[in-house]
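In the text below, chain A, chain B and the rest are named by the order of the sequence lines, each starting its count at 1.
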Amino acid sequence: MGKLKKTTKQELITCGIVVLFYIVITILDKTGNLKSHTKGLLVPICYYATAAVSLNLVVGFLGDLSLGHAGFMCVGAFSSALFSVAMKESTMPAGLRFFIALLIGTAVAALFGFLIGIPVLRLNGDYLAIVTLAFGEIIKNILAAIYLGKDEAGVHISLKSFPLQGEGKMLINGAMGIQGVPTDSKFLIAMLVLLITLLVIYHMVNSRTGRAIMSIRDNRIAAESIGIDITKYKMLAFTVSAAIAGTVGVLFAHNTSTLTAASTYFGYNVSIMILVYVVLGGIGSIRGSVIAAALLYALPEMLRGLGNLSNYRMLIYSVILIAVMLWNWAPAARAWRERVFKSKNKQKQES
Amino acid sequence: MNMPLLEVKNLSISFGGLRAVDDFNLSIEKGQLYGLIGPNGAGKTTVFNLLTGVYKPTDGAILLNGRNITGHKTIEINRDGIARTFQNIRLFKDLSVLDNVKLGLHHRYPYRTITAVLRLPKYFKQETAMDERAMELLKVFDLDGEAATLASNLPYGKQRKLEIARALATDPVLLLLDEPAAGMNPNETQELMDTIRFVRDKFDMTILLIEHDMKLVGGICEELTVLNFGQVLKQGATKEVLSDPEVIKAYIGE
Ligand SMILES: Nc1ncnc2c1ncn2[C@@H]1O[C@H](COP(=O)(O)OP(=O)(O)OP(=O)(O)O)[C@@H](O)[C@H]1O
Ligand SMILES: [Mg+2]
């Protein structure tokens, strides 16, 4: 009984922080205290935080190292952008169109997560990391090579550029990607996606499903001995995580008018960046993922504004990364924190 | 008719050239406290691994309540009614003591993931019921005071007890304990033996336990099987088995 209350409290604090952030930003914006550069960071902050929380489900709770998160984002981005571009001229209201785009990106990424999960989740440890990384790269490279066009003769798909007959339109133009994606991603919507993700993950983790997922992480053999269906729960965690990555992709795609499957956006380095958020936020800590993603995404951008010092921004960034890493994981730092925040830490184990 | 709860017929397994269990037979009645003993490497744990589907036997059959469960997967065998503990403790170390037991209750309270995500009334109802049932079990093992502790922070003896509690939570008909007293001091061992007897009586449980120490086994088991080099050396009432010259020789020769 007391336990239910405690986990609910953790959940409320995290969501409270997110809502508070939204309120503060909105006030700053309304009073004209927000630079347009900073405004541009808001949507990405929300979706990278969402990405980190969803990756944490696999890395922190299931205990599997997946490096293909950006690949699922890519799938979500392209499938939804294709829909939005195709429907742009129709009479469908923009709000409804974006809502459907969100559903499509999420569902397609979930399907990919499920299909890729079947062979991949048989692997363990390093093998799983390598294969998911490869899958992510393959998805990105295929989407960067596809040409999809529609003309009077119908829909064409090819790996080579082709001429359109008469009145036609290139939907995916190879490495140039999808052009004219409506920029529907707004701060409020990105924030709502983050909040919903938080609720879904918190509720899942604090349930029999979440316990089953964590039991696989802690001791697979023992989990089997008490009848936990390992394959089922691995697939579930992996698919949910991929689905949310797909939602992130939708937000990403509709935050730029030109969507390309470039490495900067969907390469393995992005998967690793998200993994860094998860690790630095504390593996298995949902709130940590949100805070780490927000701070670490905003940090290098903020450092741009430091005048002369901005030449050193990547250096400063790295030093901060190392410092946070030590703070979180070095035995001495952990022992010190344990002593100082003893009561707090006990609760944190639930979050 | 009086069907044994567990019947094992001609069970064998080879690892490469090694016949780790060779033509093993066993019959346990409901409610019995049965001991499986033998020197190091005799094949005791391998028998448990065969019974729980971790290994597939090369030969032989396993019948639970007359039903053939040979070849079932580990997770099916738990649902068939066999639960176990491990020689080298296997707890969910980063979960609380309470959650460890609640995992054992996983299939008794089968609300769906969507019910949890939407926090429907059923979620609260079943979670509360789970908490209550888990606390009851923890009380039996005097662990209710440590429900919120992480499993890995429990002292060794209590970890062994928690493993038994978790196994019992799956509501088995047969409980397999692999050296439950290993690493315990004589006091803890005595207490554990009392608990095991209590579990048998309270839950009307049938228990098959592996123990290294013949004196301990002599204290609580009604019948014994002695394994040596994968083969049954002796089988029967505890007293007779323990006074058998061949058994004594196997142990002294160890
Ligand atoms: N998976 C395996 N592969 C190869 N050999 C194995 C395997 N499992 C067990 N063995 C061998 O089978 C024999 C029996 O091992 P087992 O663990 O069952 O012994 P035990 O009676 O439980 O011993 P102990 O008292 O030390 O726990 C040993 O020689 C062991 O090395
Ligand atoms: Mg053994």
Side-chain angles (χ1 to χ4, degrees), chain A residues 1-8 11 57 60-61 63 196-233 235-237 239-240 243-244 282-285 338 343 345-350, chain B residues 48-49 52-54 73-80 82-86 89-96 98-119 123-124 126-128 130-132 135 147-152 163 166-167 169-170 172 176:
Chain A
M1 292 287 279
K3 166 132 189 311
L4 283 184
K5 276 199 209 123
K6 198 159 77 186
T7 54
T8 311
E11 195 183 308
L57 182 63
F61 293 94
I196 292 170
T197 301
L198 283 172
L199 288 179
V200 169
I201 302 288
Y202 267 119
H203 288 182
M204 220 171 120
V205 165
N206 295 317
S207 74
R208 72 193 278 276
T209 307
R211 279 192 296 269
I213 290 170
M214 290 185 275
S215 76
I216 299 171
R217 170 196 69 192
D218 277 4
N219 203 312
R220 198 198 152 104
I221 293 175
E224 276 186 316
S225 84
I226 54 168
I228 304 291
D229 189 339
I230 309 274
T231 317
K232 175 180 151 188
Y233 285 105
M235 286 300 290
L236 184 72
T239 307
V240 169
I244 299 173
I283 287 184
S285 163
E338 204 126 298
S343 56
N345 262 9
K346 259 187 199 154
Q347 295 179 346
K348 209 180 140 197
Q349 282 151 3
E350 304 293 330
Chain B
F48 273 20
N49 283 335
T52 53
V54 176
K73 287 198 213 118
T74 305
I75 61 169
E76 292 164 348
I77 290 205
N78 181 256
R79 286 175 220 185
D80 292 335
I82 302 183
R84 73 176 291 186
T85 66
F86 297 88
I89 303 174
R90 290 181 178 275
L91 287 171
F92 306 122
K93 58 183 171 27
D94 288 336
L95 297 182
S96 69
L98 184 70
D99 278 349
N100 267 270
V101 178
K102 282 170 88 176
L103 269 156
L105 297 168
H106 189 79
H107 293 289
R108 310 283 139 213
Y109 300 90
Y111 66 84
R112 304 172 67 100
T113 305
I114 192 70
T115 309
V117 169
L118 299 177
R119 289 275 159 102
Y123 162 82
F124 293 102
Q126 294 201 1
E127 278 292 312
T128 310
M130 260 171 144
D131 282 340
E132 280 165 9
M135 287 308 286
T149 312
L150 286 192
S152 55
E163 240 199 343
R166 180 183 69 191
T170 67
L176 310 180

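For B/Thr113, the side chain to side chain donor-acceptor pair (under 3.5 Å) partners two or more places apart in sequence, or in a different chain, are A/Thr209. A search for ring-ring contact (aromatic ring centres under 6.0 Å, His included) contacts involving B/His106 returns A/Tyr233, not counting sequence neighbours.
Looking at B/Pro110, the atoms closer than 4.5 Å to chain A (heavy atoms on both sides) sit in the backbone and in the side chain alike. When heavy atoms are compared at a cutoff of 4.5 Å, B/Tyr109 approaches chain A solely by way of its backbone atoms N, CA, C and O. With a 4.5 angstrom heavy-atom cutoff, A/Ile228 touches chain B via backbone and side-chain atoms both. Residue B/Met135 does not touch chain A at all, counting heavy-atom pairs closer than 4.5 Å. When heavy atoms are compared at a cutoff of 4.5 Å, B/Leu105 does not approach chain A at all.
Between A/Ser207 and B/Tyr123, the shortest heavy-atom contact is CB-CE1, 4.0 Å. Nearest heavy-atom pair across B/Arg84 and A/Ser225 is CG-CB, 4.2 Å. Nearest heavy atoms, B/Phe92 versus A/Asn219: CE2-O, 3.4 Å.
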Stepwise side chain to side chain contact (heavy atoms under 4.5 Å, CB included) check, A/Lys232 with B/Ile75
CA-CA 12 Å; A/Lys232 175 180 151 188; B/Ile75 61 169; over 6 Å; no
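Separation of atoms CD (B/Glu127) and OG1 (A/Thr7) is listed at 8.5 Å; rounding is to 0.5 Å. Distance check, rounded to the nearest 0.5 Å: CD1 of A/Ile226 to CD of B/Glu163 gives 10.5 Å. Remark: B/Arg108 CZ to A/Arg208 CZ distance equals 11.0 Å, nearest 0.5 Å.
Your options are A/His203, A/Met214, A/Met204, A/Glu224, and the one with the most heavy-atom pairs under 4.5 Å with chain B is A/His203. The candidate from B/Thr115, B/Ile114, B/Leu103 with the greatest count of non-hydrogen atom pairs under 4.5 Å with chain A is B/Leu103. Ranking A/Ile221, A/Val240, A/Val200 against chain B, the residue ahead of the rest is A/Ile221, based on heavy-atom pairs under 4.5 Å.
Looking only at side-chain heavy atoms (C-beta outward), B/Asp94 and A/Arg217 come within less than 4.5 Å of each other.
No donor-acceptor pair under 3.5 Å is formed between the side chain of A/Arg211 and the backbone N or O of B/Asp99.
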